[in-house]
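Below is one structure; the comments refer to it alone.
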Amino acid sequence: MIRNPQKSPSFFADQMGISKSAISQLINKLESQQFMKRVQLTEDKRSNVLDLAENGINKRMTSFTNNLNDK
């Protein structure tokens with residue numbers, strides 16, 4: 001399975017140059033479409049990281065396969 005390391009919403013907001021409220025809205029939309037999910041950290045119950053949900057993994061695999069076929 002292809003996976004990204006889990007990163008916090010703040011990490012993505014900083015990388016994309018957008019506010020934390022904007023990234024929260026984006027994450028909510030991706031969660032509602034089941035592409036991404038929030039995972040609560042066991043060592044700090046107040047923090048969470050992002051991970052691909054099943055639909056996100058399937059979409060990434062499809063994109064990867066399509067890229068291979070295009071070459």
Side-chain angles (χ1 to χ4, degrees):
M1 177 184 329
I2 298 173
R3 295 183 55 120
N4 285 329
Q6 295 174 332
K7 302 286 185 184
S8 70
S10 295
F11 170 84
F12 288 104
D14 292 342
Q15 292 295 306
M16 296 172 72
I18 61 177
S19 68
K20 291 177 183 164
S21 63
I23 198 70
S24 182
Q25 290 174 5
L26 178 60
I27 292 166
N28 288 341
K29 184 174 182 177
L30 291 170
E31 271 191 314
S32 72
Q33 296 172 354
Q34 298 179 334
F35 287 116
M36 170 171 282
K37 61 184 175 182
R38 288 180 174 97
V39 179
Q40 190 175 45
L41 296 176
T42 55
E43 60 272 3
D44 184 356
K45 300 285 186 202
R46 297 169 296 163
S47 298
N48 60 57
V49 293
L50 302 175
D51 200 2
L52 285 174
E54 196 64 34
N55 282 347
I57 293 168
N58 291 338
K59 184 156 181 79
R60 187 165 181 188
M61 289 300 294
T62 300
S63 175
F64 177 75
T65 303
N66 288 343
N67 286 337
L68 286 176
N69 290 335
D70 290 343
K71 293 182 180 184

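For the atom pair CD of Q25 and CD1 of I18, the computed distance is 9.0 Å after rounding to the nearest 0.5 Å. Rounding to the nearest 0.5 Å places CG of N48 at 8.5 Å from OG of S8. Between the CG atom in L50 and the CG atom in L30 there is a gap of 9.0 Å [rounded to 0.5 Å]. Here CD1 of I27 is found 8.0 Å from CZ of F12. Values are rounded to the nearest 0.5 Å.
Applying the side chain to side chain contact (heavy atoms under 4.5 Å, CB included) test to V39 and every residue at least two apart in sequence or in another chain returns Q6, K37, V49, D51. Considering only residues two or more places apart in sequence or on other chains, S32 meets the side-chain hydrogen bond (donor to acceptor under 3.5 Å, both in side chains) condition with none of them. With sequence neighbours excluded, the residues that form a side chain to side chain contact (heavy atoms under 4.5 Å, CB included) with S21 are S19. With sequence neighbours left out, the side-chain hydrogen bond (donor to acceptor under 3.5 Å, both in side chains) criterion links E31 to R38. With sequence neighbours left out, S24 forms a side-chain hydrogen bond (donor to acceptor under 3.5 Å, both in side chains) with no residue at all.
Residues A13 and I23 come closest through the heavy atom pair CB-CG2, 3.8 Å.
For the salt bridge (charged side-chain N to carboxylate O under 4.0 Å, His left out) condition, no pair includes a residue of residues 11-28, sequence neighbours left out.
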